[in-house]
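The model shown is predicted, which means the values in this text are computed figures rather than measured ones. Here is how names work: the chains are called A, B, and so on, in the same order as the sequence lines, proteins then strands, and each is numbered from 1.
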Protein chains: 2
Amino acid sequence: MDIQEGKQKFIESWGKMASDWGINRTMAQVHALLLVAPDALTADEVMDGLSISRGNANMNLRALIDWGLVHKKLKSGERKEYFYAEKDMWKVVRQIIIHRKKKELEPMLKVLDEVAGVEANCPQSESFCNVVKDIRKLSQKADKTLDTLIKADSSWFSTIFYQMVR
Amino acid sequence: MDIQEGKQKFIESWGKMASDWGINRTMAQVHALLLVAPDALTADEVMDGLSISRGNANMNLRALIDWGLVHKKLKSGERKEYFYAEKDMWKVVRQIIIHRKKKELEPMLKVLDEVAGVEANCPQSESFCNVVKDIRKLSQKADKTLDTLIKADSSWFSTIFYQMVR
DNA sequence: CACTGGTTTCAATTATTTTTGAAAACAAAA
DNA sequence: TTTTGTTTTCAAAAATAATTGAAACCAGTG
């Protein structure tokens, strides 16, 4: 396998994994393409690199910027925009956590809080109440742990441990 | 909000969250329905409860059993099957981790290993190699941590800590 | 101002995923 | 064996998500 094949395989597999996790496959492929690119790319280079339309490229590049995984760069004298990916993998993980926590964990917690209002007039044995209570406890723990992790940055493991044991 | 509304809301929101994470929405709703049900349900009760077809109910019940989140139960004298969900939330989390790790993390790691073969003839500066190297390191760490977590069960936090600091 | 090189938008199309429902398969009971 | 109650399968239909591409837009430049 040469470098070119390797890149290709990496891009495909990054896309596959993303779509397993409910993230648009093309968005992940654009991300992968930028990750392995030695320099920032233009929208046209992304289009060519992945054989996708201008609209598609644009949408997914914007989404990646929204996730904080890709940034724009302007080259002096040039009119077009260049895009490059954040390559520090810890930062990447961190951004993904921030984004998905906000968009998915937090709304779920909100619903659980609402639903938990019912608990008051719940007989202790009622399975619904127990399940909600358990999931809520777990989610809150996850929420706090992720908050700590987000703030913690590189020395995360010791802070996470502190979070977990209390 | 009464109990019935609460259950409804919980089922909806569990389904929504699942589909955000690339899991079939109906599968998660069946799971939620069984989680909040005081007793085991028949396929027909699931169909009615969620207004879905027999085929759909059957498929998703089987998938849940495959994930280890739901079990069958036979009542003596009765011919039909009853289904009930595992309600210990730690076990639920554990099963989900086991399943997704096997189906998603492991294949990704395999690809990374293959792709990493290229590294040999990579100049140190080559961004592709660095990215692959970093992701691989991270995934392997995640893989090991999850293994430890899966084995660790309830006293997980101290074992995970041990895993993380080394 | 009008032109040029670029980006963004979004209705229509295409691809993918999920669901249906009727037929087939099964297995316990008659 | 046949009947009956049940589960399973899977091709076709429906629902959902992603993609295209052309028009609208935007901002420097002449």
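- The side-chain heavy atoms of A:M47 and A:N56, taken from C-beta on, include no pair separated by under 4.5 Å.
- Taking the six-membered ring where tryptophan is involved, the planes of B:W67 and B:H99 are essentially parallel, since the angle between them stays under 30° and well short of 60°.
- Cation-pi geometry between A:K75 and A:Y82 is satisfied (NZ or CZ under 6.0 Å from the ring centre, within 45° of the ring normal).
- Between the NZ atom of B:K73 and the C1' atom of D:dT6 there is a distance of 19 Å, given to the nearest Å.
- Contacts between residues 74-83 of chain B and DNA chain D, counted as heavy-atom distances below 4.0 Å, involve B:R79, B:K80, B:E81.
- Ring pair B:W14/B:H31 is tilted by interplanar angle, where 30° to 60° counts as tilted.
- At a threshold of 4.5 Å between non-hydrogen side-chain atoms, the residues B:E126 and B:V131 do not count as touching.
- Using a 4.5 Å heavy-atom threshold, the side chains of B:K80 and B:T42 count as touching.
- For B:N58, a side-chain nitrogen or oxygen approaches OP1 or OP2 of D:dT8 to under 4.0 Å.
- Here C:dT17 presents its C1' atom at 13 Å from CG of A:D20, a figure rounded to the nearest Å.
- For the pair A:F83 and A:L41, the minimum side-chain heavy-atom distance is 4.5 Å or more.
- Counting non-hydrogen atoms of other residues, nucleotides and ligands closer than 6.0 Å to CZ of A:R136 gives a total above 12.
- Of the side-chain N and O atoms in B:R62, none sit less than 4.0 angstrom from OP1 or OP2 of D:dT7.
- The separation between B:L41 atom CG and D:dT7 atom P is 13 Å, rounded to whole Å.
- Taking atom CG of residue B:L61 and atom P of nucleotide D:dT7, one finds them 10 Å apart after rounding to whole Å.
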(Q) Strictly under 4.0 angstrom, non-hydrogen atoms only: write out the protein contact profile of nucleotides 16-22 of chain D, one letter per nucleotide from the 5' end, B, S or -. (A) --SSBB-
